Protein chains: 2
Amino acid sequence: MTTARPARSPRRRVPRNTLNPDRILDAAVTLLDRDGTEAFTMRALAEELGVGTMAVYSHFRGKDELSDAVAQRLLAEVELPVTGVGDPGDRITEVVRSLYRLFSEHPSALQLLTSRPMRGDEQIAVTDQLLGLLRSAGLGRTEAVRAYVALMQYTVGAAVWTTRSRRRCEREEGVGERIKKRLTALPPDSYPSLTDLAPELSAVGNMGPVQFEYGLGRLVRGLLGR
Amino acid sequence: MTTARPARSPRRRVPRNTLNPDRILDAAVTLLDRDGTEAFTMRALAEELGVGTMAVYSHFRGKDELSDAVAQRLLAEVELPVTGVGDPGDRITEVVRSLYRLFSEHPSALQLLTSRPMRGDEQIAVTDQLLGLLRSAGLGRTEAVRAYVALMQYTVGAAVWTTRSRRRCEREEGVGERIKKRLTALPPDSYPSLTDLAPELSAVGNMGPVQFEYGLGRLVRGLLGR
DNA sequence: ACCTGAACACCGTTCAAGT
DNA sequence: ACCTGAACACCGTTCAAGT
């Protein structure tokens, strides 16, 4: 029959070989950045690509394998500073900062990267560089590993935190004002610091990078022991 | 007809008022701790409670409202040290540590707590206490707020990281050995630090609390500037 | 008021079929 | 080999109905 389907899309059979892993990954990243993790659906992805839902399965075993590949591709974007000179502390800060930038630019990458083990070459290169820098900053073997993990933990946490408060600011209007109102309405006897610092607290929402720099700087200082 | 259903459960109509918000929350936490976030389903929850799927909807508007309530209940478990004396740095460490413990004991709470804005009185009390301690440690108004956020970010990140690697250790056998093998197999010329520190790196998986203490100690030191 | 099942619009994925 | 639609077992939720 030629009766039109419920209008989903007037797509006819697409020429063969229009799809390949790269095109799929591009579309996946686009979809993820534009609509977020919960909209990252095999069906939505196929729609984005203008193909049938099952077409993607010819190139990836399933959503899990696809998600792994997306994480890989995003990690490959992290640019490592090649400059071999300079204060180790500064260079550490640089590498970690570029990781944080990745998470900020691709908020949904975060969930992908934190919800699955970090395999892959890109991750390996970053790790090796950081460990080397920490060692050359004078840390012992175990200490360097601990410091590396602490840096990763802080970065992931900062990114999760930032992403969440940014999402909130986008969704609701005038969040800062509302927070301030709620804080100043609290009983000062029970919550003296909270009411006192209401102005500073309500401003914290939209200062992701500044906040990250602050914490990272202090953490590096604490880790390197000066 | 009296033909048995496909055996889902031989449940008959349950007496009224067997359900209440508290019982539901208990079951939700149990389910979450036992089977994880992805198994936390309205249908599974109903099964756990021995009621029909829709029974829960008489007490919560939907899964979102229920999830909020679960997050609330878990936060209420955080015990705040009431001791009003002692080094501010130590007391800060104590509060943050108890937050981390909450996340460790209820891994799935983490996703709940990070995926939605922290509203609720429990969160407020923790925040006020930390801000007060940071101020009494000599930090300025803005600095105290920044330090508070940095501490939260580190805690969330550490919890996410720990949870993930623990899940991985549970799922797969002998992860440490496998990681070590993979690391020592890498070309030492390209990744000198990684291959050199293979023993320390492969041991990092199962030392959550120790690692957390290390990073937290250094972060606090950096934040308080000594 | 509280609990029920059927039904709806989603999801990932299997499978047999088209080209 | 690559792409297709139908179908299956899930999901959250609406709705009319039972008690």
Side-chain angles (χ1 to χ4, degrees), chain A residues 1-25 27-28 31-32 35-70 108 111-112 115-116, chain B residues 1-25 27-28 31-32 35-70 108 111-112 115-116:
Chain A
M1 293 193 276
T2 41
T3 50
R5 276 174 303 147
R8 290 244 170 211
S9 77
R11 183 169 42 75
R12 293 271 161 264
R13 179 167 273 266
V14 98
R16 314 115 225 112
N17 289 352
T18 37
L19 232 48
N20 58 61
D22 261 333
R23 260 178 56 73
I24 294 177
L25 288 177
L31 188 61
L32 240 11
D35 303 334
T37 327
E38 69 275 23
F40 179 46
T41 281
M42 294 304 267
R43 287 169 147 96
L45 179 60
E47 179 110 1
E48 179 82 19
L49 286 160
V51 298
T53 308
M54 294 311 300
V56 179
Y57 285 81
S58 298
H59 300 88
F60 294 95
R61 201 182 295 282
K63 197 183 186 182
D64 248 47
E65 193 178 290
L66 175 60
S67 300
D68 273 339
V70 172
S108 42
Q111 194 147 348
L112 243 52
S115 69
R116 64 194 60 248
Chain B
M1 294 192 277
T2 41
T3 51
R5 274 174 303 147
R8 289 242 170 214
S9 76
R11 182 170 43 74
R12 293 269 161 264
R13 179 166 274 267
V14 99
R16 313 115 224 114
N17 290 352
T18 37
L19 233 47
N20 58 60
D22 261 333
R23 261 179 55 74
I24 294 176
L25 287 178
L31 188 62
L32 240 10
D35 302 334
T37 328
E38 70 276 22
F40 178 46
T41 280
M42 295 303 269
R43 287 168 149 96
L45 179 60
E47 179 110 2
E48 179 83 19
L49 286 160
V51 298
T53 309
M54 295 310 300
V56 179
Y57 286 81
S58 299
H59 301 87
F60 295 95
R61 203 182 293 282
K63 197 184 187 183
D64 247 48
E65 193 179 291
L66 175 60
S67 299
D68 273 338
V70 172
S108 43
Q111 195 147 346
L112 245 51
S115 70
R116 63 196 59 249

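Quick caveat, the model's predicted, so the values are computed rather than measured. Here is how names work: the chains are called A, B, and so on, in the same order as the sequence lines, proteins then strands, and each is numbered from 1.
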Quiz item: Within the structure shown, what part of the strands sits under 4.0 Å from Met42(A) by heavy-atom distance: base, sugar-phosphate, or nothing?
Solution: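 Touches sugar-phosphate only.
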
Practice problem: With heavy atoms under 4.0 Å as the rule, sort Thr41(A) into base, sugar-phosphate or nothing. | Solution: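 Sugar-phosphate only.
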
Could you tell me how far apart [X] ([atom1]) and [N] ([atom2]) are, to the nearest whole angstrom?
X	N	atom1	atom2	answer
Asp35(A)	dC10(C)	CG	P	15 Å
Lys63(B)	dC10(C)	NZ	P	18 Å
Met54(B)	dT14(D)	CE	P	7 Å
Phe60(A)	dC3(D)	CZ	C1'	16 Å
Phe40(B)	dC10(D)	CZ	P	19 Å

Contact under 4.0 Å: [X] side-chain N or O vs [N] OP1/OP2:
X	N	result
Tyr57(B)	dC3(C)	no
Thr53(B)	dT4(C)	no
His59(B)	dC3(C)	yes

Practice problem: Hey, could you give me the NE2/CD distance between His59(A) and Glu65(A), rounded to the nearest 0.5 Å? | Solution: 12.0 Å

Quiz item: Among Thr37(B), Leu31(B), Val70(B), which one satisfies side-chain contact (heavy atoms from CB on, under 4.5 Å) with Ser108(B)?
Solution: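 Only one option passes, and that is Thr37(B).
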
Quiz item: Of Arg43(B) and Arg16(B), whose closest DNA chain C nucleotide lies nearer the 5' terminus?
Solution: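 Checking each residue's closest nucleotide, the 5'-ward one belongs to Arg16(B).
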
